[in-house]
Every structure is written in C-alpha cells, then in structure tokens.
Amino acid sequence: QVQLVESGGGLVQAGDSLRLSCLASGRTFPPYSMGWFRQAPGKEREFVAAIKWSDGNTYYADSVKGRFTISRDNAKNGVYLQMNSLQLEDTAVYYCAGDQLGSSWYPYRIAQQELYDYWGLGTQVTVAS
C-alpha cells in the first residue's frame with residue numbers, strides 16, 4: 001500500500017503564497033498520476049490539479065489555472081502544489097491522491113475522485129483578508 005502525507009498548510013493573507021508537499025511511501029509508488037483536491041467548509045471536495053508521473057504533463061481546474069503549479073520530485077517521491085495569489089475562496093483542506101494505473105488520466109475523468117486509489121489525510125489552508 002502507498003501512504004501519502006501532506007504538509008505545508010497554514011494561515012496566510014490574501015495575495016500570499018504557500019507551497020504544499022505530499023510525500024509518499026510504499027512499494028508500488030510511483031503511480032501513473034497524482035492529484036491535488038480540496039474541500040472547503042460546507043462544500044464537496046473538488047479537483048485542483050494533477051500531474052502524470054512519467055512526463056510531468058498536468059491538468060488544472062479553471063479556478064486555479066495561472067496561480068497554482070503542480071510538480072513532482074522523483075527522488076523524494078513527492079508531489080507539490082505551489083499556490084500563488086491566494087484568494088479567500090482557496091480556503092480549504094487540501095488532499096493529495098494517487099491514481100495507480102492511470103484510469104483518471106483523461107480530460108473528462110481527471111476530476112473523478114473514485115478513480116484515485118489512495119489519499120492523504122489533508123492539510124488545512126486558510127486565507128484571510
């Protein structure tokens with residue numbers, strides 16, 4: 001099994017930046033792709049970004065495109081989310097997830113959470129005005 005541990009969340013001001021990390025351990029890592037999702041208070045969890053491990057190709061939700069950047073580090077078994085120009089509506093618990101076989105790696109499937117095989121416990125990001 002793969003275990004994912006997120007870190008890097010915190011309380012920031014609107015306009016600030018944060019970098020989230022997700023470190024993985026497990027015999028079957030790396031997966032085909034990794035994704036970041038988030039869940040704001042009172043809302044459903046939503047897709048943020050994803051990256052294909054082999055070549056670094058990415059997908060982004062429209063709401064974060066141009067502000068967030070997903071990346072991975074093969075040596076550290078890590079996936080990262082650089083978040084710039086943070087807005088109040090970015091406040092959420094952020095989760096990383098892994099898709100072992102790539103079943104989510106299509107534009108119309110990338111946000112389907114049931115296609116991801118393992119999840120971290122999340123890290124809280126709070127953006128204040």
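Only heavy atoms go into these numbers, but all of them, side chains included; no hydrogens, no water, no symmetry mates. Along the sequence shown, the residues carry numbers beginning at 1.
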*Asks:* Do Leu23 and Leu81 belong to the same hydrophobic cluster, where Ile, Leu, Val, Met, Phe, Trp and Tyr are linked whenever their side-chain heavy atoms lie under 4.5 Å apart, directly or via other members?
*Replies:* no

*Asks:* Please name all residues satisfying side chain to side chain contact (heavy atoms under 4.5 Å, CB included) with Ala40, sequence neighbours left out, ordered by chain then number.
*Replies:* Lys43, Ala92

*Asks:* Which pairs pass side chain to side chain donor-acceptor pair (under 3.5 Å) with one or both residues in residues 101-111, sequence neighbours excluded?
*Replies:* Asp99-Ser104

*Asks:* Compare every heavy atom of Ile70 with every heavy atom of Met34, then report the nearest pair and how far apart it is.
*Replies:* O-CD1, 4.0 Å

*Asks:* Sort and list the pairs that fulfil side chain to side chain donor-acceptor pair (under 3.5 Å) and have at least one residue in residues 72-81, not counting sequence neighbours.
*Replies:* Trp53-Asn74

*Asks:* Given side-chain contact (heavy atoms from CB on, under 4.5 Å), test Cys22 with Trp36 step by step and report yes or no.
*Replies:* CA-CA 9 Å; Cys22 173; Trp36 283 97; 3.7 Å; yes

*Asks:* Is there a path of hydrophobic side-chain contacts, each under 4.5 Å between heavy atoms of I, L, V, M, F, W or Y residues, that connects Val48 with Leu86?
*Replies:* yes

*Asks:* With sequence neighbours left out, write down each residue that passes ring pair (Phe, Tyr, Trp, His ring centres under 6.0 Å) with Tyr60, or none if nothing qualifies.
*Replies:* none

*Asks:* Would you mind listing every ring pair (Phe, Tyr, Trp, His ring centres under 6.0 Å) that reaches into residues 5-27, with sequence neighbours excluded?
*Replies:* none

*Asks:* Quick one: does any side-chain atom of Thr91 pair with a main-chain N or O of Val127 as donor and acceptor, under 3.5 Å?
*Replies:* yes

*Asks:* State yes or no: do Val79 and Leu20 share one hydrophobic cluster built from I, L, V, M, F, W and Y residues joined by side-chain heavy-atom distances below 4.5 Å, directly or via other members?
*Replies:* yes

*Asks:* For Ser63 and Arg67, which heavy atoms make the closest approach, and how far apart are they?
*Replies:* O-NH2, 3.0 Å

*Asks:* Tell me which pairs pass side chain to side chain donor-acceptor pair (under 3.5 Å) where either residue lies in residues 12-23, with sequence neighbours left out.
*Replies:* Ser17-Asn84

*Asks:* Hey, could you give me each pair passing side chain to side chain donor-acceptor pair (under 3.5 Å) that has a residue in residues 110-129? Not counting sequence neighbours.
*Replies:* Arg45-Gln113, Gln100-Tyr118, Gln124-Thr126

*Asks:* Following the transitive rule for hydrophobic clusters with a side-chain heavy-atom cut-off under 4.5 Å over Ile, Leu, Val, Met, Phe, Trp and Tyr, establish whether Phe47 and Tyr95 coincide in one cluster.
*Replies:* yes

*Asks:* For Phe68, which residues count as a ring pair (Phe, Tyr, Trp, His ring centres under 6.0 Å) partner, sequence neighbours excluded?
*Replies:* none

*Asks:* Report all side-chain donor-acceptor pairs from residues 1-11 shorter than 3.5 Å, counting only partners two or more places apart or in another chain.
*Replies:*
| from | atom 1 | to | atom 2 | distance (Å) |
| --- | --- | --- | --- | --- |
| Glu6 | OE1 | Leu121 | N | 3.1 |
| Glu6 | OE1 | Gly122 | N | 2.8 |
| Glu6 | OE2 | Cys96 | N | 2.9 |
| Glu6 | OE2 | Gly122 | N | 3.2 |

*Asks:* Please name the pair of heavy atoms, one in Leu18 and one in Val12, separated by the smallest distance, quoted to 0.1 Å.
*Replies:* CG-CG1, 3.6 Å

*Asks:* With sequence neighbours left out, which residue pairs that include part of residues 28-39 fulfil the salt bridge (charged side-chain N to carboxylate O under 4.0 Å, His left out) condition?
*Replies:* Arg38-Glu46, Arg38-Asp90

*Asks:* Can you get from Val64 to Val125 by hopping between Ile, Leu, Val, Met, Phe, Trp and Tyr side chains that sit under 4.5 Å apart?
*Replies:* yes

